[in-house]
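This report concerns only the one structure given below.
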Amino acid sequence: MPESYSRVGGMRDLLPTEASHMTLVEETFKSTLASYGYDEIRLPTMEWTVLFQRGVGEDTDAVGKEMYTFEDSSGESISLRPEGTASCVRAAISNTMLRGDRPRLWYTGNMFRHEQPQKGRYREFMQVGAEVFGYTGPDIDVELIQICEDVWRKLGISDRIDLQINTLGNLESRLAFRNALVDFLVPLKGTLDPDSVRRLDTNPLRILDSKSEETQNLLQNAPRLTDYLDEPSTKYFEELRRILSEAGVSYSVKERMVRGLDYYSHAVFEWHSDDLGAQSQVGGGGRYDGLVERLGGSACPASGFAVGIDRIALVRDAAGKSADHRSCDVYVISLDSSGDTYVNKISRILREQADLRVRKHHGGGRVKNRFRDADRSGALWALVVGEEEMAAQTITLKPLRTDEPQITIATEAMIDFFNDKLKKDLAN
RNA sequence: GUGGGUGUAGCUCAGUGGUAGAGUCCUGGAUUGUGAUUCCAGUUGUCGCGGGUUCAAAUCCCGUCACCCACCCCA
């Protein structure tokens with residue numbers, strides 16, 4: 001340990017301005033998910049390592065080489081969660097939530113991946129996600145997409161985020177395609193990039209979204225997944241697109257899109273933005289009908305999404321919409337200590353009856369410094385009580401953000417005053 | 001894991017071998033019942049850390065750490 005304490009590598013301190021921005025994004029998701037009738041679930045920050053190995057897949061980067069893994073005192077391997085879906089599925093199974101019910105759940109929390117940090121990519125980052133269980137049709141997939149589209153609109157970033165969708169078909173279709181793809185690629189093994197050669201064995205579908213230009217050229221003549229979709233899979237995707245269009249959601253189909261985590265089937269979708277440095281993805285999801293069974297539950301279709309809260313905040317930053325943080329709405333100053341009791345009472349009333357953030361001055365000091373502190377707090381108003389006000393049962397209100405003159409009003413009229421005027425100011 | 005960049009005042013940065021700097025912020029005063037704005041005055045510091053070269057190092061050399069950006073991959 002160095003002389004002075006520093007952060008653990010890659011961990012961040014989110015200072016009040018950033019923190020309140022994160023909270024804004026989080027709250028928007030929270031209220032939107034609630035408006036669709038989804039229930040919150042809180043999940044542990046760590047799980048047995050095997051859950052992620054089994055649920056996410058050991059050949060994914062997130063699990064294979066980026067997990068924070070250590071042993072607990074019993075010698076069992078534990079990992080900090082690199083994503084939320086596996087935990088959510090585990091929780092749904094182990095709390096018997098899937099017996100006779102079809103839960104629609106959402107969660108939020110910090111995720112951990114030991115990668116090299118850069119813009120939009122952090123070792124600890126915030127995600128919000130939703131998972132729905134027991135629904136087979138594309139209608140619920142579209143609802144998941146719509147929830148996020150609603151959030152983009154509320155946050156004012158719809159025009160900066162693009163939706164891309166694709167289908168992976170059902171298991172049979174995908175296996176048939178996978179075989180055809182491998183047959184096509186094996187003879188070309190010598191010309192593929194090293195990563196793709198490795199994936200030929202582990203996860204050939206992932207070769208499709210390889211970033212290697214040469215590999216992409218080779219793929220020009222590769223078999224196409226759409227040619228291998230069976231009747232039900234084709235219908236599923238057509239239906240999905242129809243409902244999406246009906247809902248007025250614009251999207252593009254990316255035939256080569258395969259999700260990084262390898263439990264998906266049928267619908268897969270991703271949202272992208274240009275505002276993230278070298279990163280582009282703000283979120284994604286899809287259907288994962290086989291995962292519940294894979295993790296020990298009875299077969300149960302499921303679908304979900306995950307969105308990076310940090311990345312949404314970055315998109316808002318780029319749009320010039322980052323929340324300007326104010327600590328409080330009203331800063332209360334008593335000019336001499338004999339007024340403290342009176343001022344405490346006023347502050348409490350304002351907090352309880354006018355739904356205001358009220359910061360009271362503490363620590364004495366000169367009058368001019370009290371007003372200086374009022375200004376720095378970001379408050380819209382300074383509320384001043386001195387001898388004159390106490391004697392007359394009034395308060396003086398000084399606007400700190402406009403040139404309007406200060407006014408003195410009867411204390412008993414203060415709630416009405418704030419509920420009318422201040423609310424209007426806050427709305428702007 | 002690999003590459004590039006940056007570390008100097010609380011913050012943003014200038015300073016390529018010879019006294020440690022600017023802007024901003026902060027503190028005080030002009031203004032003892034009024035902030036922000038204006039004017040005046042003042043404080044900023046292990047120059048990331050360790051070693052080396054030199055009469056002399058923020059500056060050159062070696063090492064090291066941290067952060068940023070990018071590869072890879074993803075939220």
Side-chain angles (χ1 to χ4, degrees), chain A residues 1-13 15 25 29 56 59-66 81-85 108-129 148 161 193-196 198-199 203 206 209-212 258-262 270-273 276-285 305-315 331 333-336 339 361 365-390 396-403 405-406 408:
Chain A
M1 186 57 62
E3 296 160 24
S4 62
Y5 294 102
S6 60
R7 285 171 295 183
V8 171
M11 301 294 111
R12 294 172 296 160
D13 301 314
L15 305 185
V25 175
F29 265 105
V56 182
D59 49 314
T60 63
D61 283 6
V63 169
K65 49 187 197 193
E66 296 170 355
R81 56 183 175 187
E83 57 104 56
T85 300
T108 184
N110 43 357
M111 307 295 163
F112 301 84
R113 295 183 196 175
H114 195 121
E115 309 181 84
Q116 209 50 246
Q118 66 189 65
K119 183 166 186 177
R121 203 183 66 181
Y122 314 105
R123 287 184 178 174
E124 179 185 15
F125 58 98
M126 300 297 299
Q127 267 189 357
V128 57
C148 293
I161 294 182
D193 62 283
D195 277 339
S196 296
R198 190 167 40 79
R199 287 182 186 143
N203 193 345
R206 294 270 311 280
D209 59 6
S210 163
K211 277 184 182 165
S212 157
V258 194
R259 296 279 297 147
L261 315 178
D262 57 10
E270 291 179 354
W271 286 276
H272 290 266
S273 168
L276 302 173
Q279 265 56 242
S280 77
Q281 194 181 332
V282 296
F305 71 76
V307 169
I309 291 175
D310 311 82
R311 291 189 174 179
I312 296 300
L314 280 178
V315 173
Y331 193 96
I333 297 170
S334 126
L335 292 175
D336 59 278
H361 181 80
R366 304 184 202 200
V367 171
K368 88 178 262 179
N369 289 355
R370 300 185 192 197
F371 276 88
R372 188 193 59 201
D373 291 347
D375 182 50
R376 289 179 186 171
S377 75
L380 301 176
W381 300 83
L383 188 157
V384 191
V385 173
E387 281 178 16
E388 295 165 22
E389 285 85 357
M390 291 234 294
T396 293
L397 287 168
K398 172 165 181 160
L400 297 172
R401 309 294 155 210
T402 69
D403 291 331
Q406 66 183 39
T408 298

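Being a predicted model, the structure only gives us computed values, none of them experimental. Every chain is numbered from 1 and lettered A, B, ... according to where its sequence line falls, protein lines coming before strand lines. These numbers come from the heavy atoms of this one structure, side chains and all, not from hydrogens, waters or symmetry mates.
As the counterpart of B:U64, B:G48 is assigned, both hydrogen-bonding distances of the Watson-Crick or G-U wobble pattern falling under 3.5 Å. When Watson-Crick and G-U wobble pairs are counted only if both distances are under 3.5 Å, B:G10 pairs with B:U24. Under the Watson-Crick or G-U wobble criterion, with both distances below 3.5 Å, B:C71 is paired with B:G1. Across all strands shown, nothing is found opposite B:G35 as a Watson-Crick or G-U wobble partner with both distances under 3.5 Å.
The list of salt bridge (Lys or Arg N to Asp or Glu O under 4.0 Å) pairs with a residue in residues 114-128 of chain A, not counting sequence neighbours, reads A:E115-A:R121. For the salt bridge (Lys or Arg N to Asp or Glu O under 4.0 Å) condition, the pairs that include at least one residue of residues 371-381 of chain A, sequence neighbours left out, are A:D375-A:R401.
Listed pair A:Q127 / B:A75 fails the phosphate criterion, with no side-chain N or O lying under 4.0 Å from OP1 or OP2.
No side-chain donor from either of A:T396 and A:Q406 sits under 3.5 Å from a side-chain acceptor of the other.
What separates CG of A:L314 from C1' of B:A75 is a distance of 11 Å, to the nearest Å. Rounding to whole angstrom units, CZ of residue A:R113 and C1' of B:A75 are separated by 6 Å. B:G10 atom C1' lies 13 Å from atom CG of A:L15, rounded to whole Å. Per the geometry, CD belonging to A:E66 stands 8 Å off P belonging to B:C74, to the nearest Å. Rounded to an integer number of Å, the gap from CZ of A:R123 to P of B:C73 is 18 Å.
Here the separation of B:U46 from B:A57, taken at their C1' atoms, is 16 Å to the nearest Å. Nucleotides B:U19 and B:U12, compared at atom P, are 27 Å apart to the nearest Å. For the C1' atoms, the distance linking B:U2 with B:C72 amounts to 9 Å, nearest Å. Distance check on atom C1': B:C65 versus B:A75 gives 29 Å, rounded to whole Å. Taking atom C1' on both nucleotides, B:A9 is separated from B:U44 by 5 Å, rounded to a whole Å. Rounded to a whole angstrom, the distance from the P atom of B:G48 to that of B:A14 is 13 Å. Between B:G42 and B:C55, the two P atoms lie 40 Å apart (nearest whole Å). Here the separation of B:G4 from B:U64, taken at their P atoms, is 14 Å to the nearest Å.
Contact check for A:F125 versus A:R311: no side-chain heavy atoms found under the 4.5 Å cut-off. For the pair A:F112/A:P82, no side-chain contact is recorded, criterion being any heavy-atom separation below 4.5 Å from C-beta on.
Between A:D59 and A:R206 there is no salt bridge, since no side-chain N of the basic residue sits under 4.0 Å from a carboxylate O of the acidic one.
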With the sugar-phosphate defined as primed atoms, P, OP1 and OP2, and the base as all remaining atoms, what B/S/- string results for nucleotides 30-35 of chain B, 5' to 3', for protein heavy atoms under 4.0 Å? ---BBB
Let me have a per-nucleotide readout for nucleotides 64-70 of chain B, 5' to 3', with B, S or -, counting only protein heavy atoms under 4.0 Å. ---S-BB
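Shown here are the side-chain contact (heavy atoms from CB on, under 4.5 Å) partners of A:M390, two or more places apart in sequence or in another chain: A:S338, A:Y342, A:V385. Partners of A:Y331 under the ring-ring contact (aromatic ring centres under 6.0 Å, His included) rule, at least two apart in sequence or in another chain, are A:H361.
If you check distances only, the side chain of A:E115 does reach the base of B:A75 with a donor-acceptor pair under 3.5 Å.
The aromatic rings of A:W271 and A:F305 sit perpendicular to each other, their planes meeting at more than 60°, with 30° as the lower class boundary.
Residue contacts shown for A:R81 are absent, as no nucleic acid heavy atom lies under 4.0 Å away.
Note that CG of A:L400 is 7.0 Å distant from OG of A:S377, once rounded to the nearest 0.5 Å.
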